[in-house]
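I have placed the structure first, in the form of structure tokens, so that the comments after it can refer back to it.
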Amino acid sequence: MSEMQVGQAASWEVAAKAREKADSGPDLYEMMRDAREKASAVREKFQELKPKPRYGDAPIEAYARLARAKRPAEVSAAAGYARRQIARLKAAKRTDPDNAQRIQAAIGQLQKAVTRAGKKSRELDREKVAQARQAKLAQEKRTREAQRQRQELRRKQAMRMIRESGYIREAEVDNRMQAHLAATRMELQKQAQDLSAALQPSAEAVARQYAASGAETAPEAAAIDVQA
């Protein structure tokens with residue numbers, strides 16, 4: 001067998017081994033893909049099991065306490081609860097930037113609750129004065145004026161209770177809206193990440209390209225070595 005034939009045989013053998021190595025490559029790629037998919041599945045499952053923070057509950061509870069308050073001291077306690085929740089949510093905003101907008105919306109509702117608590121305190125003071133005047137009119141036998149005073153007081157109290165129940169509904173609607181917006185933002189962020197990953201070469205694609213280029217250059221390199 002001539003030296004040229006020996007070189008060609010060696011080149012074919014190297015090329016065959018390179019092709020065999022390339023053919024066996026997808027097993028590694030599949031392992032990489034499977035590992036990545038399993039890691040993603042575990043991460044998603046962990047996110048599902050992880051308790052989701054309920055930032056919108058604080059304003060609803062604050063307004064519920066405000067609506068139940070019958071005396072100025074109870075109104076003051078409801079306002080104190082709202083202020084404590086504001087401080088808590090401001091701290092949470094620093095540690096949970098992903099939900100910063102939702103937290104800020106809850107803070108805004110709580111700040112309104114504090115303002116509305118001050119308004120209710122003033123209303124309760126005026127109602128107390130009206131009750132005292134009604135009692136005085138009744139004592140003076142001014143029945144018609146006392147009855148008119150009582151009706152006006154009841155009308156104002158009914159309007160206040162309707163307004164306070166509206167505060168609770170407002171907080172509930174805002175909470176649902178903020179949850180929808182947060183879910184939309186997360187979906188858009190996921191789509192952007194998927195698009196970015198699709199545009200960038202993956203480790204699998206790079207490994208395939210490297211293996212293919214190695215298979216193409218191996219026969220030429222082996223032939224040069226044998227002839228030399």
Side-chain angles (χ1 to χ4, degrees), residues 26 29-69 74-120 159-209:
Y29 306 143
E30 291 176 2
M31 291 173 61
M32 293 170 58
R33 184 172 59 252
D34 291 344
R36 187 166 58 251
E37 291 176 353
K38 288 179 181 179
S40 178
V42 170
R43 185 165 55 252
E44 291 178 0
K45 186 175 182 180
F46 175 76
Q47 291 296 333
E48 292 176 357
L49 295 176
K50 183 179 179 181
K52 294 179 174 59
R54 300 172 60 90
Y55 297 117
D57 288 352
I60 296 174
E61 176 62 22
Y63 283 127
R65 294 188 181 198
L66 182 61
R68 292 194 300 266
E74 295 173 346
V75 174
S76 179
Y81 171 82
R83 291 190 183 93
R84 291 192 299 274
Q85 293 304 309
I86 290 172
R88 181 181 69 83
L89 290 178
K90 285 182 177 180
K93 187 178 178 181
R94 293 190 292 269
T95 59
D96 189 5
D98 292 339
N99 288 300
Q101 295 184 35
R102 189 171 186 181
I103 295 171
Q104 186 57 47
I107 291 174
Q109 284 288 337
L110 287 165
Q111 289 172 337
K112 287 194 292 184
V114 173
T115 302
R116 288 164 173 172
K119 180 180 179 180
K120 181 169 183 176
M159 293 297 297
R160 174 172 56 77
M161 287 187 287
I162 292 173
R163 186 171 63 251
E164 290 169 357
S165 65
Y167 296 158
I168 299 175
R169 289 195 298 272
E170 173 190 320
E172 291 173 344
V173 171
D174 185 69
N175 185 32
R176 289 195 295 269
M177 183 179 68
Q178 292 300 327
H180 175 72
L181 292 174
T184 302
R185 286 193 295 268
M186 290 182 62
E187 179 62 25
L188 292 175
Q189 183 179 4
K190 183 177 183 301
Q191 292 178 2
Q193 291 174 349
D194 293 342
L195 179 61
S196 177
L199 294 176
Q200 294 180 359
S202 63
E204 178 181 343
V206 173
R208 286 181 180 276
Q209 185 177 1

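This one's a predicted model, so the numbers in the text were calculated from it and none came from an experiment. Hydrogens, waters and symmetry mates are skipped; everything else that's a heavy atom, side chains included, is used.
At least one side-chain heavy atom of Arg102 sits under 4.5 Å from a side-chain heavy atom of Asn175. With a 4.5 Å cut-off on side-chain heavy atoms, Glu61 and Gln85 do not count as touching. Side-chain contact between Gln178 and Leu181 is present, with at least one heavy-atom pair separated by less than 4.5 Å. By the 4.5 Å heavy-atom criterion applied to side chains, Glu172 and Tyr63 are not counted as neighbours.
The local environment of CD in Gln101 is sparse, with at most 12 non-hydrogen atoms from other residues, nucleotides or ligands closer than 6.0 Å. The 12-atom threshold is exceeded at CE of Met177, counting heavy atoms of other residues, nucleotides or ligands nearer than 6.0 Å. In the displayed structure, Arg185 atom CZ is contacted under 6.0 Å by more than 12 heavy atoms of other residues, nucleotides or ligands.
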> Where do Lys93 and Gln104 land on the side-chain contact (heavy atoms from CB on, under 4.5 Å) test, with the steps shown first?
Replying inline: CA-CA 8 Å; Lys93 187 178 178 181; Gln104 186 57 47; 2.7 Å; yes
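Note that CD1 of Ile162 and CE of Met159 are 5.5 Å apart. Values are rounded to the nearest 0.5 Å. For the atom pair CD1 (Ile103) and CD1 (Ile86), the distance works out to 13.5 Å, reported to the nearest 0.5 Å. For the atom pair CD1 (Ile107) and CD (Gln111), the distance works out to 7.0 Å, reported to the nearest 0.5 Å. Rounded to the nearest 0.5 angstrom, Leu89 CG and Asn99 CG are separated by 11.0 Å. Between Leu110 atom CG and Tyr81 atom OH the span is 7.5 Å, to the nearest 0.5 Å. Taken from CD in Glu170 to CZ in Arg116, the straight-line distance is 4.5 Å, to the nearest 0.5 Å.
Heavy-atom minimum distance, Ala67 versus Glu164: CA-OE1, 3.6 Å. Residues Pro59 and Ala106 approach most closely at CG-O, 3.6 Å, considering heavy atoms. Scanning all heavy atoms of the two residues, the minimum distance from Val114 to Ala79 falls at CG2-O, 4.1 Å. Shown here for Ile60 and Ala171, the closest heavy-atom pair between the two residues is CG1-CB, 3.8 Å. Here the shortest heavy-atom pairing between Ala69 and Lys120 reads O-NZ, 2.8 Å. Here the shortest heavy-atom pairing between Ala78 and Ala62 reads CB-O, 4.5 Å.
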